[in-house]
Amino acid sequence: MKISIFGLGYVGAVSLACLARDGHSVIGVDIDSAKLELIRDGKTPVVEEGMVDLMANVAASGRVTVTTDVIQAVLDSELSLVCVGTPSASNGSQDQSAIIKLAHDLGRAMRGKTSDHLFVFRSTLVPGTVEDVLRPIVERESGKRDGEGFHVCFQPEFLREGTSIKDYDRPPFTVIGANATVPATRLRQLFGHLPCEFHVTSIRAAEMVKYCCNNFHALKITFANETARLCEALGVDAFQVMDLVCKDRQLNISPAYLKPGFAFGGSCLPKDLRATLYLAKTRDVELPMLGNVLGSNRVHVDHAIGKVLASGRRRVGMIGLSFKTGTDDLRESPLVLIAEQFIGKGLNLLVYDPEVHLSRLLGANRRFIEQHVPHIGSLMREEIESVIGESDVLVVGLNDTKTFEALARYVRKDQIVLDLVNIPQRGALRGKVMGLCW
Ligand SMILES: NC(=O)c1ccc[n+]([C@@H]2O[C@H](COP(=O)([O-])OP(=O)(O)OC[C@H]3O[C@@H](n4cnc5c(N)ncnc54)[C@H](O)[C@@H]3O)[C@@H](O)[C@H]2O)c1
């Protein structure tokens, strides 16, 4: 393919070298003429393992040219990778000035181009940037519409500095954010040979995936380091601990606990987190990330409460009370905390949970419910049908087929359903379904 690359920093320069190595004709564009000079001379503008030899080879191949002329680069290529920097502004927001300026130039270049062109944004961009900011600029400047003369799409870049050529050849996956088939087809031609999964999603989801991956990496590093600081204070070998933690591929290094849903609770996670934090306090170890986990969990509970209160309805039916479907353990159940709030606000509450039989509750489980919602007994119903029938808004915290079948059968058109469990086929329910965060 004939490819133009805009921005020849770490991402752009490595992409230029690898694409030229793979036989494509590549035009490199940057506003920094020093970088262009280096590439023209077969030298690398970035320090990266393998780049010195690779740049010398591809420069000698004749497949690499460089220019500052945006219009010519677009006219002479069929596809553009946009890799300019998107650094932090002083207030923490993303400084998009470089990519916005470039989008104007790219749009102007399309004015005079008769053949189709694909713009692939590869810079990290806050969700919505391509569709709400960059595409309108290109459309305005070119006088053409996305899909008619050109296409835009977003492809997050996952390479890491220091191992960028290796990462280019073996990425964790390829993600294409596109709203038409053309971009995905073209990019499959370009990157489909790589030994990884190839996923196509919406442009906004692809933009978000990049942030989510980086945030997750930052979170993992901080988790390991907070663990290490506590281990140090306790005289425990942090490497032994984290090595073992990583050996659990079932619950730890796995998709477990990584699905959006409702808040955590139960008899273990909150109490063990609190004990960890107390232990750290006694050793003067600061764990700001772990220290904020329970607070964040509470925000999630309040988010659910807020949605019900905002509905303005006063007859609330809760489907589920224990901390997890299939158990009668009420200790630190976030659903109990919700019930407590609803009662406190004077809402008319009814509750159904097939596993919870108050007469059978014992010990700490019993104490917890008596402390938080002492009169819950009078609010509980044996039949889901009656809770649904007598409520205007339903809060669904049970995640099982029987519940979903009952909802499908009994929910009325005038009811609101707050979905805490990602109900399958919720579109088929008669009521108005609100997802907790979806
Ligand atoms: N560095 C990484 O490891 C990495 C990994 C994944 C994603 N990213 C993302 O990729 C993007 C680029 O990162 P980078 O580290 O390569 O940036 P960089 O700062 O090293 O390079 C950006 C380049 O863009 C050039 N530029 C600025 N305005 C331009 C314009 N109008 N026309 C042409 N070129 C222009 C600059 O001169 C510079 O050479 C960023 O959004 C970054 O967040 C970076």
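Indexing begins at 1, ligand by ligand and atom by atom, following the structure's order. As the structure is a prediction and not an experimental result, all values here were calculated from the model.
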Query - Identity and separation of the nearest protein heavy atom to atom 8 (N) of ligand 1 - result: V11 CG2, 3.6 Å
Query raised in the report: Does the ring of Y168 carry K166 above it, NZ/CZ under 6.0 angstrom from centre and within 45° of its axis?
Result: no
Query raised in the report: Can you list the ligand 1 atoms lying under 4.0 Å from a non-hydrogen atom of G9?
Result: 16 (O), 18 (P), 20 (O), 21 (O), 23 (C), 39 (O)
Report task. Answer yes or no for R170 and F158: cation-pi contact, defined as NZ/CZ to six-membered ring centre under 6.0 Å and angle to ring axis within 45°. Result -> no
Query raised in the report: Which of the numbered atoms in ligand 1 are below 4.0 angstrom from a heavy atom of S123?
Result: 10 (O), 11 (C), 41 (O)
Query raised in the report: Between D329 and R331, is the closest basic N to carboxylate O distance under 4.0 Å?
Result: yes
Report task. With heavy atoms of K210 as the reference, note each atom of ligand 1 found under 4.0 Å away. Result -> 6 (C)
Query raised in the report: What protein heavy atom sits nearest atom 2 (C) of ligand 1, and how far away is it?
Result: E161 OE2, 3.6 Å
Report summary line: Checking heavy-atom distances from atom 35 (C) of ligand 1 to each of L106, V29, V84, the winner is V84
Report summary line: Judged by heavy atoms only, the candidate from G162, P45, G85 nearest atom 17 (O) of ligand 1 is G85
Report summary line: In terms of its nearest heavy atom to atom 32 (N) of ligand 1, the top option of L102, I99, V70 is L102
Query raised in the report: Do F264 and F323 have ring centres separated by under 6.0 Å?
Result: no
Query raised in the report: Quick one: which ligand 1 atoms are inside 4.0 Å of a heavy atom on T86?
Result: 40 (C), 41 (O), 43 (O)
**Report entry** For atom 30 (C) of ligand 1, the protein heavy atom that lies nearest, with its residue and separation
**Finding:** I31 CG2, 3.8 Å
Query raised in the report: Is a salt bridge present between K271 and E332, judged by a nitrogen-to-oxygen distance below 4.0 Å?
Result: no
Query raised in the report: Quick one: which ligand 1 atoms are inside 4.0 Å of a heavy atom on E157?
Result: 6 (C), 7 (C)
Query - Subset of ligand 1 atoms that lie under 4.0 Å from at least one heavy atom of K35 - result: 38 (C), 39 (O)
Requested in this report: For G7, take its heavy atoms, then give the atoms of ligand 1 lying under 4.0 Å from any of them.
Outcome: 23 (C), 24 (O), 25 (C), 33 (C), 34 (N)
Query - Identity of the nearest option to atom 14 (P) of ligand 1, non-hydrogen atoms only, from F158, Y10, F6 - result: Y10
Query raised in the report: For ligand 1, is K101 a contact, meaning one of its heavy atoms is under 4.0 Å away?
Result: no
Report task. Heavy-atom distances under 4.0 Å are what count here, so tell me which part of C83 touches ligand 1: side chain, backbone, both or neither. Result -> backbone
Query raised in the report: Can you check whether D30 has an N/O within less than 3.5 Å of an N/O in ligand 1?
Result: yes
Query raised in the report: Are K247 and D243 close enough for a salt bridge, meaning some N to O gap below 4.0 Å?
Result: no
Query raised in the report: Would you say the side-chain atoms of H199 and T174 include a donor-acceptor pair closer than 3.5 Å?
Result: no
Requested in this report: Taking N292 for its side chain and G295 for its backbone only, find out whether a donor-acceptor pair lies under 3.5 Å.
Outcome: no
Query - Salt-bridge criterion met for R40 and E37 (N-O under 4.0 Å) - result: yes
Report task. Please confirm whether F119 and H117 have ring centers closer than 6.0 angstrom. Result -> yes
Report summary line: among protein heavy atoms, the one nearest atom 5 (C) of ligand 1 is L159 O, 3.2 Å
Query raised in the report: Does K2 pair with E78 as a salt bridge, N-O distance under 4.0 Å?
Result: no
Query - Cationic N near anionic O, under 4.0 Å, R21 to D53 - result: no
Report summary line: Among T124, L36, D32, the residue with a heavy atom nearest to atom 7 (C) of ligand 1 is T124
